[in-house]
Amino acid sequence: MRQADRLLHYLRLNPGASSLDIIRDLGVVNTTGRISDLRARGHVIDCRRRADRLLGYWVVETAQLELALR
């Protein structure tokens, strides 16, 4: 499995994971590069501040986007 695919799976299981979480758990050092790869493949990945003030990443699924538009 490629790093981007492993990252996508990880983010689905760990919404709000920070870059540090991803580096520690997956060993993916170039997190922003892999996020860019996923976005280029059509995945919507949101980066926002968590309650502990760190930035975290969330995968936004298509069904969530459709609900927001209604």
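Hydrogens, waters and symmetry mates are skipped; everything else that's a heavy atom, side chains included, is used.
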In this structure, CG of Leu7 is separated from NE2 of His43 (nearest 0.5 Å) by 10.0 Å

ask   = Under the side-chain contact (heavy atoms from CB on, under 4.5 Å) criterion, do Val28 and Arg6 qualify, and how do the steps go?
value = CA-CA 9 Å; Val28 175; Arg6 288 182 21 235; 4.1 Å; yes

- Any donor-acceptor pair under 3.5 Å linking the side chain of Arg50 with the backbone of Gly16? yes

* To do: Could you tell me whether the side chain of Ile45 reaches within less than 4.5 Å of the side chain of Val60, counting heavy atoms only?
  => no

Original post:
Is Arg41 paired with Asp5 through a side-chain N to carboxylate O contact shorter than 4.0 Å?
Top reply: yes

Are side-chain heavy atoms of Thr32 and Asn30 found at a separation under 4.5 Å? yes

Sorted by chain and number, sequence neighbours left out, side chain to side chain contact (heavy atoms under 4.5 Å, CB included) with Thr31 holds for Ser19, Ile22, Ile23, Ile35, Tyr57

_So Leu26 and Gln3, do their side chains get closer than 4.5 Å, heavy atoms only?_
no

Student check: side-chain heavy atoms of Val44 and Arg39 closer than 4.5 Å: no

Nearest heavy-atom contact between Ala4 and Leu38 is O-CD2, 3.5 Å

When rounded to the nearest 0.5 Å, the distance separating CG of Leu54 from OG of Ser18 is 5.5 Å

side-chain contact (heavy atoms from CB on, under 4.5 Å) evaluation trace for Arg12 with Glu61
CA-CA 9 Å; Arg12 285 183 171 146; Glu61 302 293 347; 2.8 Å; yes

